[in-house]
Amino acid sequence: MGKWTGRVAAALLVIVLVAFVALATWEPFWAKREGIAPPQASYSAEIIRDEFGVPHIYGKRDRDVAYGVAIAHSEDDFATLQDVVAMARGRYGAIAGQDGAAIDYVYHLLDARGTADRHYPGLPEDTRALFEAYATGLNDYAEQNPDEVKLGNLFPVNGKDVAAGFALRQPFFFGLNNVIEPLVAGEELRAEYGPDIPGFPREGTPEPTERQDDAEQVAYSPFGRDAAHNGSNAFAVTPDKSGGPTILVSNSHQPWRGGVAWYELVVESEEGWHYAGANFPGSPFPFLGHNEVLGWTNTVNTPDMVDVYELELDDRGERYRFGGEWRDLETRTVTLPVKLGPIVLPIRREIHRSIHGPVIINDRGAFAFRYGGIDNLGQLDAYYRMNKAKSLEEWEAILARMDIPSTNFIYGDQEGNIAYVYNAALPDRPEGPNWRSVLDGSDPALVWDGPIDYKELPRYLNPASGWLYNANNAPYTAAGKGSDLSPDEFAPELGIELKQTNRSRRAWKLMSEAELLDRETLEEIKYDTGYERSGYIADLWDALEDESLLPSDIEVDNSLKRARDLLLKWDFKADNIGRADSLALLMIREFMSCRYQNKACPTVVGELERAVDHLETHFGRIDPPMGELLRLRQGNVDFPLDGGSDTLRASTLWDVEQDGRLAVRHGDSFIQWVEWLPGRRVSSRSIQPFGAATTRPQSPHYTDQSTLFIQHRLKPVHFWREDVLANAITRKTVTHR
């Protein structure tokens, strides 16, 4: 009997080992593709790095430059580029586990690859050549550095793979995750930011609730858990108002690491492409910045771009009613690789689609959704053309194609023009239905086709005030009293948000008060740390003032009383001076967050208890200097920071580290200050929180911009070649033959 028991145990061990090896190795073999050889083309680019390691990439042709962009970015952050490529292949779960698999699910749900398959071949040849060259650069770096490759058979990739990544990411800039996440969870949808449809008033603010810990959340977004907080400030000033140059200030608020962290670069070809700015990993061109004669920056807008439809399914769940007849529900099964320790599990999921768009089935029913820019890949060409535009008219004609689904554009140029376009591929909705609610999926009249005309969007050009700004707010406060547009001019069906942010209130006030918006004055505004007692800040402080907040007839921790008293004396500045700054910093973030996401806010007492407990546990007091609490941390860098959530000097989100310090991960990121003086060449300055090589600890450019960043200082952008050569640290040529 003992022999048989031993043999059975040995057999079971062999089976377990075989299963373990299979689960540890199946995914790369399953994902291997045939016929994805690099294109038969030659490329040559020169990469010159300046004193801060910023790459300046030169080539004879635009495609040569794109090849060099991929090489330079890989040298600085190949780890993140691989994550982006894995997302674009539906394989991120094999790297990032459950969180990655959620993104892979969305990749299939939105049919990102199908969008690329359908529309990439129809793009102009020179645009496709740009993407093919960029893909070749990624492949060459992977081949030359095999020890850095995270996932087997991730390379080679081609231009269509890179394009699929664009199709996946773009809808999340306008908040598609705010629809997908509750639908997957079977929860109530969050209210859109658009105005109520006449005759259909919506309910008020949700009741306060205890907040969920960030670590418990799964984000169905390629931007991760911080997707709902992406934002920015932007400023443009005319020469008359500045007293000299046209000024364009890009002040993006993005995560400091990951797939939507900015990467600074300058590109120049002999075909007329010359641009300084920043891109995201996975792009062959900058998304914002400037060329010789014009520039622009972006801020996130949140119009109602998504319509949700409830479907009536038959008893078998295979068909849905539409227009008085039953139609087959498109269903396919996909495999999501989910890394779990040393193994990767193959998880099968069904993906559904109706004539409306993607479909999610939960315990509440079956829901389809349709969004602005659905099944459009034109942005790949639009950004490229805008990089090379030479006039306001040419630039705006490209934007008017409505190929870039969302984000505000703030513009400036050498002629002294400034402009703000509330860019969004808003669905062309007819009057009548309640577009702010879940719609009847059986009614064909509710399925719109395409966006509105460009001329229907809110737009400013050279306002009388001489200035423009946006801080993720409604487009009706942008240029000051007498120059601002009115919401009455735009139909509610458009879904244009009415949201205001603290940053907007501060910017509008400070810019309106300034007689001259010269460099010094505008810098003071950009780095302002103040809060207006308005909106959610007013609600929060009104609640703190309410005597019933901490009832006197029950025992209340004395620390809570002292904390409330301290907050009631606060000067509403997150400047690292006042005694209440640390408490206010901890209190405000979640109330900012809930308003950004249109979800239930936490209770005031609950947040006060959390803040007091944190400060007493880690600092032994409720009033430590904010600079001891809020930190800029990476490698050996550990600096104090100012600003807070929703201040113009933004320190928006952070990780709570073991010593109780808050390591900021999201806020002021790429800042670029551009000036055109009459009769002179464009000049610009910029800064990042860390450096050009944020995932390369051994690089001298891992954190070499951090000191300037905390000091509110900018470094020069070497736009002109003679300046680049005068400040060059390294210089080399990269080729593909």
Side-chain angles (χ1 to χ4, degrees), residues 30-36 84-93 100-124 127-128 131-132 135 154 157-174 176-177 179-180 183-184 220-222 282-283 305-307 309 311 318 320 322 327-337 347-361 366-382 402-406 425 427 447-451:
W30 166 80
K32 186 175 182 180
R33 302 180 296 176
E34 303 296 335
I36 309 297
V84 171
V85 170
M87 292 179 195
R89 296 274 310 278
R91 298 180 60 194
Y92 191 45
I103 297 169
D104 293 340
Y105 166 76
V106 170
Y107 166 83
H108 293 292
L109 181 70
L110 302 187
D111 193 25
R113 182 69 193 194
T115 299
D117 286 339
R118 286 187 292 275
H119 301 296
Y120 182 77
L123 292 173
T127 299
R128 284 184 283 113
F131 278 76
E132 297 301 332
L154 187 58
V157 294
N158 60 21
K160 192 181 290 185
D161 294 317
V162 180
F166 275 67
L168 170 64
R169 293 193 298 270
Q170 181 60 47
F172 291 90
F173 278 101
F174 56 77
L176 185 59
N177 51 298
V179 172
I180 293 177
L183 283 180
V184 170
Y220 290 83
S221 165
S283 170
M305 293 274 283
V306 188
D307 287 320
Y309 305 81
L311 304 182
E318 296 177 352
Y320 63 97
F322 184 76
R327 296 199 176 197
D328 290 336
L329 188 68
E330 297 178 35
T331 301
R332 60 191 177 97
T333 302
V334 299
T335 299
L336 307 178
I347 304 299
R348 306 279 278 177
R349 287 287 183 269
E350 285 191 338
I351 300 295
H352 307 285
R353 198 170 187 89
S354 69
I355 194 172
H356 314 79
V359 175
I360 295 174
I361 300 175
F367 300 89
F369 59 90
R370 189 173 186 81
Y371 52 91
I374 190 170
D375 200 39
N376 183 354
L377 208 60
Q379 61 182 294
L380 278 69
D381 181 67
M402 305 290 277
D403 281 329
I404 300 174
S406 71
V447 183
W448 43 263
D449 184 22

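Since we're looking at a predicted model, the values are computed, not measured. Basis for what follows: all heavy atoms, side chains included, without hydrogens, waters or symmetry-related copies. In this chain, numbering begins with 1 at the start of the sequence shown.
If you take OG1 on Thr115 and CG on Leu168, they are separated by 10.0 Å, rounding to the nearest 0.5 Å. With values rounded to the nearest 0.5 angstrom, Leu109 atom CG is found 13.5 Å from Ile103 atom CD1. Note that CZ of Arg128 is 7.0 Å distant from CG of Leu123, once rounded to the nearest 0.5 Å. To the nearest 0.5 Å, the span separating CD1 on Ile374 from CH2 on Trp448 amounts to 6.5 Å.
Residues Arg91 and Asp104 are not paired through a salt bridge, judged by the lack of any N-O separation under 4.0 Å between the basic side chain and the carboxylate.
Across all non-hydrogen atoms, the minimal contact from Ala425 to Met402 is CA-CE, 4.0 Å. Summarising the geometry of Pro405 relative to Met305, their closest heavy-atom pair is O-CE, 3.1 Å, with the distance given to 0.1 Å. For Ser406 against Phe173, the heavy-atom pair with the smallest separation is OG-CB, 3.9 Å. Of all heavy-atom pairs between Ala112 and Ala167, the closest is O-CB, 3.8 Å. Between Ile361 and Leu329, the closest heavy-atom pair is CD1-CD2, 4.3 Å. Pairing each heavy atom of Asn177 with each of Ser221, the nearest pair is CB-CB, 4.0 Å.
The shortest distance between side-chain heavy atoms of Arg89 and Met87 does not fall below 4.5 Å. Looking at Ile360 and Tyr105, their side chains come closer than 4.5 Å, going by heavy atoms from C-beta outward. Between Phe174 and Tyr371, the closest side-chain pair of non-hydrogen atoms falls below 4.5 Å. Here the side chains of Glu330 and His352 are not in contact, with every heavy-atom distance at 4.5 Å or above. For the pair Asp111/Arg332, a side-chain contact is recorded, criterion being any heavy-atom separation below 4.5 Å from C-beta on. Side-chain contact between Leu336 and His108: present, with at least one pair of heavy atoms (C-beta onward) separated by less than 4.5 Å.
Partners of Thr127 by side-chain hydrogen bond (donor to acceptor under 3.5 Å, both in side chains), not counting sequence neighbours, listed by chain and number: Asp381, Arg385. Legend: residues meeting side-chain hydrogen bond (donor to acceptor under 3.5 Å, both in side chains) with Asp403, ordered by chain and number and at least two apart, are Asn376, Arg401. With sequence neighbours excluded, the residues forming a ring pair (Phe, Tyr, Trp, His ring centres under 6.0 Å) with Phe131 are Phe166, Phe285, listed by chain and number. For the side-chain hydrogen bond (donor to acceptor under 3.5 Å, both in side chains) test, residues two or more places apart in sequence or in another chain that qualify with Asp161 are Arg33, Arg113. In this structure, the side chain to side chain contact (heavy atoms under 4.5 Å, CB included) partners of Arg327, at least two apart in sequence or on a different chain, are Tyr320, Phe322, Glu325, Ile355. With sequence neighbours excluded, the residues forming a side chain to side chain contact (heavy atoms under 4.5 Å, CB included) with Ala163 are Ala116, Tyr120, Leu377, Leu380, listed by chain and number. Every residue two or more places apart in sequence or in another chain was checked for a side-chain hydrogen bond (donor to acceptor under 3.5 Å, both in side chains) with Tyr220, and none qualifies. Residues forming a side chain to side chain contact (heavy atoms under 4.5 Å, CB included) with Glu318 (at least two apart in sequence, or on another chain): Asp314, Arg316.
When each of Asp307, Val306, Val359 is paired with Phe369, the side-chain contact (heavy atoms from CB on, under 4.5 Å) condition holds for Val306 and for no other.
One side chain, Thr335 or Arg348, offers a donor N or O that lies under 3.5 Å from an acceptor on the other.
Sorted by first and then second residue, the pairs that involve residues 369-379 and meet salt bridge (Lys or Arg N to Asp or Glu O under 4.0 Å), not counting sequence neighbours, are Arg118-Asp375.
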Q. Could you go step by step and tell me if Ile180 and Val106 meet the side-chain contact (heavy atoms from CB on, under 4.5 Å) rule?
A. CA-CA 9 Å; Ile180 293 177; Val106 170; 4.3 Å; yes
